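The structure appears below as structure tokens.
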There are 2 protein chains.
Amino acid sequence: MNSELVLIIDDEPQIRKLLKIVLESNGYRVIQAKDGKEGILLAGSHQPDLILLDIGLPDMSGHQVLKNLLAWYTKPIIVLSVQNGEEDIVNALDSGASDYLAKPFRTGELLARIRSALKRYRSVDQSDSVVVFSDLEIDLISRTAKKNDTIVKLTQTEFNLLSLLVKHEGKVLTHQFILKEIWGMGYQTETQYLRVYVAQLRKKLETDPNHPIHIITESGVGYRFC
Amino acid sequence: MNSELVLIIDDEPQIRKLLKIVLESNGYRVIQAKDGKEGILLAGSHQPDLILLDIGLPDMSGHQVLKNLLAWYTKPIIVLSVQNGEEDIVNALDSGASDYLAKPFRTGELLARIRSALKRYRSVDQSDSVVVFSDLEIDLISRTAKKNDTIVKLTQTEFNLLSLLVKHEGKVLTHQFILKEIWGMGYQTETQYLRVYVAQLRKKLETDPNHPIHIITESGVGYRFC
DNA sequence: TGACTTTTATAAAATCTTTATACCTGCCTG
DNA sequence: CAGGCAGGTATAAAGATTTTATAAAAGTCA
């Protein structure tokens, strides 16, 4: 169940079928969307590890879909296109796509570019590594936390918060930033939520919750993980 | 002089010349190597921001050069090749190249792939915002200050003030200017606030607060950071 | 129901502002 | 020259205010 999930957004059923077969026989899990709208929905709900986006879609111009995805989706997007027009390539790459591939493509090259994109992302994200801080041990992918080798049970939100702090270890994260990341846009003023969850995390993770050594509060600004 | 430096490794003088012209006319600085050995040396000595590597080199197989570079060079490498053989592409990408481009290439696409690779790298890198002054080390983005490698806890206003002084290091900032920047319009006469905070910063940061070496007072005018 | 999230309430802590007082330097004057 | 005054500066410490911690109640969702 820990194979990577690829979302295919393409209007041509044959291409989808082909891609699905190729990808699944190489160990990826696959979900498909037949147009941009569906693709954006699926990307949001399933959080795939990589998106293959055909830019010649019927409903929205593929470029619009790309722009929408880039606004919030942080993992790699590989753009496909029948047109081998230079302008298209330049556009896609400049707006932030991870890679570009002209159709018809060779499946070997496609797979290589997928591997490359995923590898680059992982090396950035490095979420496959377990992070250790003295008595704490946090595994970002299996979403578990240990304190002195004992598993600590954390709720979804608690882990999300911990995860965010850990990913930016050492830096001060503002209340606003944390609230936006965990609760989403529009919650930036609900500082109290954050206080409650920080208290809960400290109670579960800190040896002495009254004198935290990991989750440090930066009064007036935010919190920092050490 | 802060434009990005690109290293071209290619044995064909015409290609080098072409690439040099294209890149320089797009604001990059360029250095060139005619074979793998020279390329590795130049990469080590000049630390270019990106390498364009032609994989069909005479002295070593280009793949060996690539392997050597990947072992220590962390910035993007884009591989060029006359052969459009799928195996080549797959190899290059799998071993860790950032991107692959078949010759003959269109300059627009090349430039787009360069921009894309550099952008990806920059978004990962974000290393230095750290400023060092003998025993002090101030990180403007993570909002931390260290004295002799020990983190010093600063309040919001304290850090804002320090940050302002550091940003204008060496210059004398008037009381008025500082007050306007930190406390806002209308506080320009509250010189006392400033005195209090300067004293606090000195107590926390100066080895001998009575004879400050970093936060210098310019009597009748303001303060200066050294 | 039970696990989790959102609100509410209140105590505690940290920070900021203000006041008070001492300091230092140069200059004027007896 | 000593003493005192003036302008600017340094520092401690007392309020005032803001921010944070925490428990616990209320709401939500499966």
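For clarity, every value in this text was computed on a predicted model and none was experimentally measured.
Taking atom CD on A:E218 and atom P on C:dC16, their separation rounds to 12 Å, with Å as the unit. The separation between A:I216 atom CD1 and C:dA13 atom C1' is 15 Å, rounded to whole Å.
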| Given the rule in the side-chain contact (heavy atoms from CB on, under 4.5 Å) test, do B:L23 and B:L111 qualify, once you have shown the distances and angles that lead to the verdict? | CA-CA 8 Å; B:L23 290 176; B:L111 287 168; 4.0 Å; yes
| Which is it for A:L19 and A:L80 under the side-chain contact (heavy atoms from CB on, under 4.5 Å) test, yes or no, and what are the steps along the way? | CA-CA 12 Å; A:L19 286 172; A:L80 304 175; 4.2 Å; yes
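Defined by atom type and a distance below 3.5 Å, a donor-acceptor pair is missing between the side-chain atoms of B:S98 and B:K75. Side-chain contact, B:N26 with B:R115: no donor N or O sits under 3.5 Å from an acceptor N or O. Between the side chains of B:S142 and B:D139, at least one donor N or O sits under 3.5 Å from an acceptor N or O.
Within the structure, the salt bridge (charged side-chain N to carboxylate O under 4.0 Å, His left out) test picks out no pair touching residues 162-184 of chain B (sequence neighbours left out).
If you check residues 177-211 of chain A against DNA chain C, the residues with a heavy atom closer than 4.0 Å are A:W183, A:Q192, A:Y193, A:V196, A:Y197, listed by number. Within a heavy-atom distance below 4.0 Å of DNA chain C, the residues of residues 153-172 of chain B found are B:T155, B:T157.
The ring pair (Phe, Tyr, Trp, His ring centres under 6.0 Å) check on A:F133 picks up A:F225, with sequence neighbours excluded. Partners of A:D54 according to the salt bridge (Lys or Arg N to Asp or Glu O under 4.0 Å) rule, which considers only residues two or more places apart in sequence or in another chain, are A:K103.
When the options A:V30, A:D99, A:V6 are evaluated for a side chain to side chain contact (heavy atoms under 4.5 Å, CB included) with A:L52, the one that passes is A:V6.
In this structure a side-chain-to-backbone donor-acceptor pair under 3.5 Å is present from A:T191 to A:T189.
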Pairs under 3.5 Å (N/O, protein and nucleotides 28-30 of chain D):
none

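Contact check, A:H175 against D:dT19: no side-chain N or O comes under 4.0 Å of OP1 or OP2.
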